[in-house]
Amino acid sequence: MNYQETEKKWQKVWEEKKIFSTPSNPKKKYYVLEMFAYPSGDIHIGHFRNYTIGDAVARFKKKQGYDILHPFGWDAFGLPAEEAAIKRKIHPREWTLNNISVSRSTLKQVGISYDWDREIITCLPDYYHWNQWIFLKMFEKGLAYQAKSLVNWCPGCKTVLANEQVQEGSCWRCHEQVSKKELLQWFLKITDYAERLLNDLDKPLKWKETIRQPDGSDKPMEKPIEWPEHVKTMQKNWIGRSEGGKIIFKLDTDETEPVTELPVFTTRPDTLFGVTFISIAPEHPLTQRLIKKQPQEKEVLDFIKKTVLQSEMTRTAAGEKNGIFTGRYALHPFTGEKIPIWIADYVLAGYGTGIVMGVPAHDQRDFLFAKKYGLTIKIVILPQNQTSEPLTQAYEEPGIMVNSGEFSGLESERGKKKIIEKLKEKNLGDFEIKYKLRDWLISRQRYWGTPIPIIHCPSCGTVPVPESELPVKLPDNIQDFIPKGRSPLEDVKEFFITACPKCGKQANRDPDTMDTFVDSSWYFLRYVDSKNEKLPFDPEKANQWMPVDQYIGGLEHATGHLLYCRFITKVLHDLGYVNVEEPAFRLFNHGMVLDKQGEVMSKSKGNVVSPAYLMEKFGVDASRIAMFFAAPAEKELLWNEEGVGGAVRFLNRIERYAENALSDSPQIAIPVTSSNTLKPSPQQVKVMEGTAIDPPAADSSVHDSPVLTIKLHATIKKVSDDLERFSFHTAIAALMELLNLMEEETKQGGVPLSQAKHCLEIFTHLLSPFAPHFSEEIWEKLGKPPSLFESPWPTPDEKALLSTQPITADQIRSALKGEIELVVQINGKVKEHLTAPMNLTEEEIKTKTLELPKIKAQIDGKEIKKMIVIPKKLINIVV
RNA sequence: GCCGGGGUGGCGGAAUCGGCAGACGCACGGGACUUAAAAUCCCGGGUCCUGAAAGGGGCGUGUGGGUUCAAGUCCCACCCUCGGCACCA
């Protein structure tokens, strides 16, 4: 088969017949979505793997009768476009759109079943218009706000970063060490949704009725999202909920100072009586006031200066903790005792209140700090039935409270509650829940992004751009993309200087652009109505198609994109634009593609494999089969070209079988020399012992091979189940087994032409999600009308299925004789096999087993303690 | 340090509910066909011991223990490895 011709031929048919167009009124919908692509050059083999998985799912579901939505688009804003612009002196738009057209053409050539009519490109105004719209809706609700705070600053990219974009203290993109800066920035209030984002990971949610039940029916259902457990766990850790309490320590003051409160957050209120110091983050605004006019003022200021300048990495690296005494004291809320206030570098300004109560006996960090500076260590929790002994490290487990006034003797878990309750009465504390999750910082001081639709007016303040004036277009005429630490848009006067929508006086636009994760946080909703000019999408259409039934992408987005898109979906839900509360019902994470040595593919290493190259060399279908077969889809794949040979051979064998089965005078099999030349030479037309498959018998007196029939139905079941659970490699292995048996049986002369054809037909259906072009071609050769993808997926005949699965040909043969092969073990070790009629009683089986010569010999003289008979499986003799 | 995944032939991997470990394939070795090569087809293979051979026996799923008639699968402890988080009070 000439694969290149075949590929083109069927891609054209699919397009002409609009096979993959989305139906407008879905009855039984299925939304398959792969994460869209960032267009940097052409797509690579990693993308190819991702999209091929989605393609197989979409084709399988289509054949099962679902109305499919399977769209694609481009995550087109972002820094690399600017970098390219600086390096090559071309406009980011040009670079981006060029890459899109190259990548799109590759994707079309590999025949992924997208509905290209719904394609979206986020850097075009008809898309980012709606980023701005969503931003304004959130601004109205108080979910978008501007605040001055300590934010992550990347000196490499010269812009701020969201928490999710800082990895091990470095920038996710350029890997420079991230520092902290205090800046006025825009945030989205994801923390308001922390509790829901956490709960909805496990809470049963109502889904529309078209999601299929395991039993095949289509009932409404209530169940939690089906996401991999590790993704859920990562999100839970990221959200980081902790229950505890807020406790107020009052500053020890004289009359000259106002009453000052030092609130702390703790998860261990039960250790309150063990507090021997208070520590405050160096960045905390209160510190400056505390130390004013203290004798050690200068030293403390020096310490703060030094610490704040250090990068987060060095500060948090080792266990070493540094601090300095402020000279001030706080008062214990129960005892009134004076407690020294320290400034400590291990206290984070951004979490809790930025002030911590130091309990060295029961917190390892406080312990190390106290040891270093010679502070008191006071034990207030003891393990059950133990007496107090000097500690070598903090005791952090629960226990019995001691030295805790009226609370002594209480079990610590109960004590937590009691202490807070008492403090609440005294107005010195309350129960509180804190999250590690911070609000989502979305402003970026860069050009290539969505302009923030806000105008800053000297008299009216922060004014949103009216909806009717959207989109605020990104200006084209920009000279300089080199980052300077403030947005380049500030230098584009026509853009930056504008009139205030309220008072009409001269005002400035907000010069920052949005984080590109805003674009990807709702794109799946745009696909349902990608050309809408009035709204980001029609709610009715969204309710028809949402949620995404199957989302497919890499694990790198577990705490970034996958959290943001859940957040924005909930916001849009609350605003009444969509019914679902979660964007995707099922999530699948595919593994990465690495090179032979297990190294990540990258341009700089020069080890990138392009789909275009594979297409050229092996054809799309053989490449797909090789990729599916090489490793489970969720695991990483070490790409090795040698594997493709096996895939090519597999397809050739199918083709050869088809040629034999379908030839007018099926007398012989013809060895195929290469996939392109199928011309039998006279020498080749010679039956050679062992060289070829004998033809399927045309003679109708030959009866169907029952072994093959049973295997065929077992394979239908196996492949269907495997597709459902994303086990593509075992599905292909099952097809290989079937082909092996088809050949073997045919060779024995036991397969009539009609059965050979029937097998091939079913085979073609089962192969089609993996090798779509090839399957269409065989389908056509079988005399079937195109397209194979309009023809339904086969279902196994239950009567032809054996109860035991999986089954080998030999097992089927025994079964056909009404016999079953049982394993005979002695003390759990396999010694013999017993072939016996299927319906023997346990007693008969026992007798037969003991008659086996080998078994007789082995148990000779030993006492049989017990015999265990597992019906249809095995006999174990215990001696 | 904490959380999660994983460890099975030369390699990728299979074993879906505790019941024949190594399906399927790659690479390899032998053979057939060929002037030759390629292609194709056939055969082989966990490992050790024993035997001239047919055969027979033992050991085998990271390590050590346990539960069970039976463990790759369940439990406990540990080692290695990959990924995430990392002073979150």
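All figures in this text were calculated on a predicted structure; none of them were measured in a lab. Heavy-atom basis, side chains included; hydrogens, waters and symmetry copies ignored.
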Does [X] put a side-chain nitrogen or oxygen below 4.0 Å from OP1 or OP2 of [N]?
{"X": "Asn640(A)", "N": "A27(B)", "answer": "no"}
{"X": "Lys635(A)", "N": "G6(B)", "answer": "no"}
{"X": "Ser242(A)", "N": "A89(B)", "answer": "yes"}
{"X": "His230(A)", "N": "G84(B)", "answer": "no"}
{"X": "Tyr351(A)", "N": "A89(B)", "answer": "yes"}
{"X": "Lys854(A)", "N": "G56(B)", "answer": "yes"}
{"X": "Arg649(A)", "N": "C24(B)", "answer": "no"}

Write down the distance separating the [atom1] atoms in [N] and [M], rounded off to the nearest Å.
{"N": "U40(B)", "M": "G25(B)", "atom1": "P", "value": "14 Å"}
{"N": "C74(B)", "M": "U61(B)", "atom1": "C1'", "value": "16 Å"}
{"N": "G10(B)", "M": "G29(B)", "atom1": "C1'", "value": "13 Å"}
{"N": "G13(B)", "M": "U63(B)", "atom1": "C1'", "value": "23 Å"}
{"N": "G45(B)", "M": "C26(B)", "atom1": "C1'", "value": "14 Å"}
{"N": "A53(B)", "M": "G46(B)", "atom1": "C1'", "value": "23 Å"}
{"N": "G22(B)", "M": "G72(B)", "atom1": "C1'", "value": "11 Å"}
{"N": "G65(B)", "M": "G56(B)", "atom1": "C1'", "value": "33 Å"}

Of the listed nucleotides [options], the one nearest the side chain of [X]:
{"X": "Ile868(A)", "options": "C69(B), G12(B), G25(B)", "value": "C69(B)"}
{"X": "Phe629(A)", "options": "A70(B), A86(B), C24(B)", "value": "C24(B)"}
{"X": "Val823(A)", "options": "G19(B), C20(B), G25(B)", "value": "C20(B)"}
{"X": "Asp722(A)", "options": "U40(B), U16(B), G13(B)", "value": "U16(B)"}
{"X": "Glu642(A)", "options": "A15(B), G13(B), A27(B)", "value": "A27(B)"}
{"X": "Glu737(A)", "options": "A23(B), U16(B), A86(B)", "value": "A23(B)"}
{"X": "Ala631(A)", "options": "G12(B), A14(B), C3(B)", "value": "G12(B)"}

Heavy atoms of other groups near Glu243(A) CD, more than 12 under 6.0 Å: no

Lys371(A), NZ: over 12 other non-hydrogen atoms inside 6.0 angstrom: no

Touch class at under 4.0 angstrom, heavy-atom based, for [X] against every strand present:
{"X": "Asp366(A)", "value": "nothing"}
{"X": "Gly352(A)", "value": "nothing"}
{"X": "Val878(A)", "value": "sugar-phosphate"}
{"X": "Lys246(A)", "value": "nothing"}
{"X": "Lys436(A)", "value": "base"}
{"X": "Val830(A)", "value": "sugar-phosphate"}
{"X": "Arg438(A)", "value": "base"}
{"X": "Lys829(A)", "value": "sugar-phosphate"}
{"X": "Gln825(A)", "value": "base"}

Upstream residue (5' side of RNA chain B) when Thr559(A) and Asn827(A) are each assigned their closest nucleotide: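 Looking at RNA chain B, the more 5' nearest nucleotide goes with Asn827(A).
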
Closest-nucleotide 5' rank along RNA chain B - winner of Leu874(A) and Leu637(A):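 Final value for this comparison: Leu637(A).
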
N-glycosidic conformation, C24(B) - syn within 90 degrees of 0, else anti: anti

Where the chi angle of G9(B) falls, syn if within 90° of 0 and anti if not: syn

Any donor-acceptor pair under 3.5 Å from His362(A) side chain to Val380(A) backbone: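 Yes.
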
Flag, side chain of Asp722(A) to backbone of His729(A), donor-acceptor distance under 3.5 Å: no

Does any nucleotide pair with [N] by Watson-Crick or G-U wobble geometry, both distances under 3.5 Å, and what is it?
{"N": "G19(B)", "result": "C69(B)"}
{"N": "G6(B)", "result": "C80(B)"}
{"N": "C59(B)", "result": "G46(B)"}
{"N": "A39(B)", "result": "none"}

Aromatic plane relationship, Tyr351(A) with Phe265(A) - under 30° parallel, 30 to 60° tilted, over 60° perpendicular: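 Geometry flag for Tyr351(A) against Phe265(A): perpendicular rings.
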
Ring geometry between Phe770(A) and Phe728(A) (parallel below 30°, tilted from 30 to 60°, perpendicular above 60°): perpendicular

No-H, no-angle donor-acceptor pair, Lys321(A) side chain to C87(B) base, under 3.5 Å: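 Per atom types, the contact qualifies.
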
Quiz item: His833(A) side-chain donor-acceptor pair to C20(B) base, under 3.5 Å: yes

Test: Arg653(A) and Glu655(A) ion pair at under 4.0 Å: no

Lys321(A) to Phe369(A), cation-pi by 6.0 Å centre distance and 45° axis angle: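 No.
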
